[in-house]
Each structure stands twice: as structure tokens, then as C-alpha cells.
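Below is one structure, written out as C-alpha cells; the observations come after it.
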Amino acid sequence: MVVDLAELAFGNSSLMLDLAVLARRLLVHGCILRLRNPQPIVKTVIEQVGLHRLPGVNLEGSSAALAY
């Protein structure tokens, strides 16, 4: 499953938990969660909480500009 985060300007720990749960459910079915093009601030949150290190999560690319 691909989640395009290019237009997401904010992501808190609640969103990260939801994505982690989704990744676990997908992994049970042999699928992975691809998080594509996060804004720099969202990528920072993903990295701070360690979401990108979970099995079944693939962090792809990063948007160059911040969305306001």
C-alpha cells in the first residue's frame, strides 16, 4: 500500500501510531506500507518515533518544499 504524504503539512504521534498499526496489519497479509514523499517536518516525526524502522514500512523520498 502506498501512502503519498506530499501534501501533508503536519503529522503527530497519533498519526504515527495509526500508520504503525496499518503496517502491522499489512505485514500479516504479506504486504508492506510505503510512505512516499513526506514533507521534511513529517519525515522528521517519522524518524523521531522510529516508524521507518518497523518491519513492513518503507520510507520513500522526501518533498523538497514545506507546505504551509
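Please read these numbers as outputs of a predicted model, since none were measured by experiment.
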Close side-chain approach of L51 to L35, heavy-atom, < 4.5 Å: yes
Cluster link L27 to V49, ILVMFWY, side chain under 4.5 Å: no
When every non-hydrogen atom of G56 is compared with those of A23, the smallest separation belongs to O-CB, 4.3 Å
Would you indicate whether the side-chain heavy atoms of V45 and N12 approach each other to under 4.5 Å? no
Would you indicate whether the side-chain heavy atoms of L5 and N37 approach each other to under 4.5 Å? no
Correct closest heavy-atom pair for A20 and L54 would be CB-CD1, 3.6 Å
Can you tell me how far the CD atom of Q39 sits from the OG1 atom of T44, to the nearest 0.5 Å? 11.0 Å
For P38 and I46 the tightest heavy-atom approach is CB-CD1, 4.4 Å
Pairs satisfying side-chain hydrogen bond (donor to acceptor under 3.5 Å, both in side chains), at least one member in residues 16-35, at least two apart: R34-E60
Qualifying residues under side-chain contact (heavy atoms from CB on, under 4.5 Å), relative to L26, sequence neighbours excluded: M1, L22, C31, L33
From M16 CE over to H52 NE2, what is the distance, rounded to the nearest 0.5 angstrom? 12.0 Å
How about L59 and K43: do any of their side-chain heavy atoms sit closer than 4.5 Å? yes
Hey, does L15 have a side-chain heavy atom less than 4.5 Å from the side chain of L8? yes
